[in-house]
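If you read the sequence from its start, that first residue is 1, and numbering goes on from there. Keep in mind that this is a model prediction, so the values were computed, not measured. When a ligand or atom number is given, it counts from 1 through the structure's own listing order.
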Amino acid sequence: MITILAGGVGGARFADGVAKVSDPDAISIIVNTADDFDHYGLRICPDIDTVMYNLAGIADPVNGWGIAGDTRATLDGIAAYGEDPWFLLGDRDFSTHILRSAWLNKDIPLTSVIYFLRSRLGIASQILPMTDQPVATMIETADGTLAFQDYFVRRRQADDVTGVTFAGIENALPTEPATTALTHAALILLAPSNPIVSIGPILAIPTYRDALANRTSPTIAVSPIIGGKALKGPADRMLASLGHESSALGIARMYQGLIDGLVIDQQDADLAPAIEALGIRTLTTDAIMHDIPDRARFAAEVLAFGQSLKQAVPA
Ligand code: FO1
């Protein structure tokens with residue numbers, strides 16, 4: 001079994017690539033839920049939905065989130081009432097939020113709700129929320145503390161981030177399927193997701209962090225930073241403002257002790273020796289997924305790297 005930790009668009013695209021080149025039934029994706037929030041009385045789970053829509057082959061190809069060809073009549077109606085429709089929810093996307101909220105309101109755990117939704121979208125891989133309890137990323141800025149989607153979407157990531165906390169994390173229980181997926185994986189992959197706000201919340205749950213620290217199978221991260229820049233989103237600026245180096249080496253330092261290998265882009269080939277000096281093996285390749293078919297090329301290279309590390313990991 002392959003287990004992937006993911007959040008954001010980069011994570012979803014990577015998980016889709018892995019599902020294209022290996023048995024999708026044998027893949028589990030543990031997804032960040034700290035971006036989740038309530039909006040118009042509905043529970044929105046952006047990272048889970050982004051994984052679902054990418055694996056179902058219905059994601060908007062440009063944004064990476066939302067559904068391809070979706071319409072915005074509902075938001076137009078909300079705007080007609082004088083409300084600012086700042087978070088762009090498509091009409092068909094709303095059906096996910098409506099059903100999810102209805103089922104959550106019946107006290108069905110989020111893990112089960114997502115099982116129903118992904119199964120009905122024809123997705124064979126397990127999509128596993130990191131926890132069934134609510135967790136909310138809070139962003140500290142010079143303007144005060146912002147809810148994550150206020151920072152990310154409403155204010156377009158314009159604020160300098162001076163701190164990040166995960167409200168509710170102390171009550172967030174690891175789920176049984178996600179714990180099993182991590183402890184039984186033959187290969188663990190940390191997707192090219194933001195290490196602070198996408199992978200960070202998952203690793204803030206001690207059971208998952210301990211599972212990585214005590215791993216018996218190869219564990220590989222893919223650097224989301226290429227040439228010092230994030231391909232998408234604010235990870236580079238966030239790393240720098242929080243005192244990390246915005247580079248593949250900075251990513252290696254953050255994950256040191258939890259990973260055996262790091263996949264870096266050819267632009268960062270000169271960083272490989274410093275990363276290897278940390279005890280982390282490197283694969284240097286074209287780490288940009290240029291289009292949907294290219295996701296499979298990249299995933300196949302990462303899986304082959306995983307195979308090559310099998311002997312290197314302590315039993
Ligand atoms: N991201 C945006 O930048 N603007 C949006 O209006 C937006 C809407 C949206 C709706 C549904 C959904 O599942 C995701 C959406 N996202 C949007 C993406 C999302 O906010 C971020 O990608 C993640 O939270 C960061 O990981």
Counting only heavy atoms not in Asp76, do more than 12 fall under 6.0 Å of its CG?
yes
Using a heavy-atom cut-off of under 4.0 Å, does the side chain or the backbone of Asn63 touch ligand 1, or both, or neither?
neither
Greater than 12 external heavy atoms within 6.0 Å of Phe94's CZ
yes
Under a 4.0 Å heavy-atom limit, does Asp93 contact ligand 1 with its side chain, its backbone, both, or neither?
side chain
Got the closest protein heavy atom to atom 22 (O) of ligand 1, with its distance?
Phe152 CE2, 4.1 Å
For ligand 1, indicate whether the residue Leu88 contacts it via side chain, backbone, both or neither (heavy-atom separation under 4.0 Å).
both
Protein heavy-atom partner closest to atom 17 (C) of ligand 1 - residue, atom, separation in Å
Trp65 CE2, 3.3 Å
Basic-acidic side-chain contact under 4.0 Å: Asp38, Arg43:
yes
Between side-chain atoms of residues 195-212 and protein atoms elsewhere (two or more places apart, or another chain), which donor-acceptor pairs fall under 3.5 Å?
residue: Tyr208; atom: OH; partner: Met130; partner atom: O; Å: 2.6
residue: Tyr208; atom: OH; partner: Thr175; partner atom: N; Å: 2.9

Per-atom contacts, ligand 1 versus Leu89 - under 4.0 Å to a heavy atom:
10 (C), 11 (C)
Between Tyr53 and Trp65, is the ring centre distance below 6.0 Å?
no
When rounded to the nearest 0.5 Å, the distance separating CG of Leu110 from CG of Asp36 is 7.0 Å
Of the protein's non-hydrogen atoms, which lies at the shortest distance from atom 3 (O) of ligand 1, and what is that distance?
Val153 CG2, 3.9 Å
re atom 20 (O) of ligand 1, the protein heavy-atom contact at minimum distance is Gln149 OE1, 2.9 Å
Among all protein heavy atoms, pick the one closest to atom 19 (C) of ligand 1 and tell me residue, atom and distance.
Pro46 CB, 3.9 Å
Between Val197 and ligand 1, find which residue part has any heavy-atom pair under 4.0 Å and reply side chain, backbone, both or neither.
neither
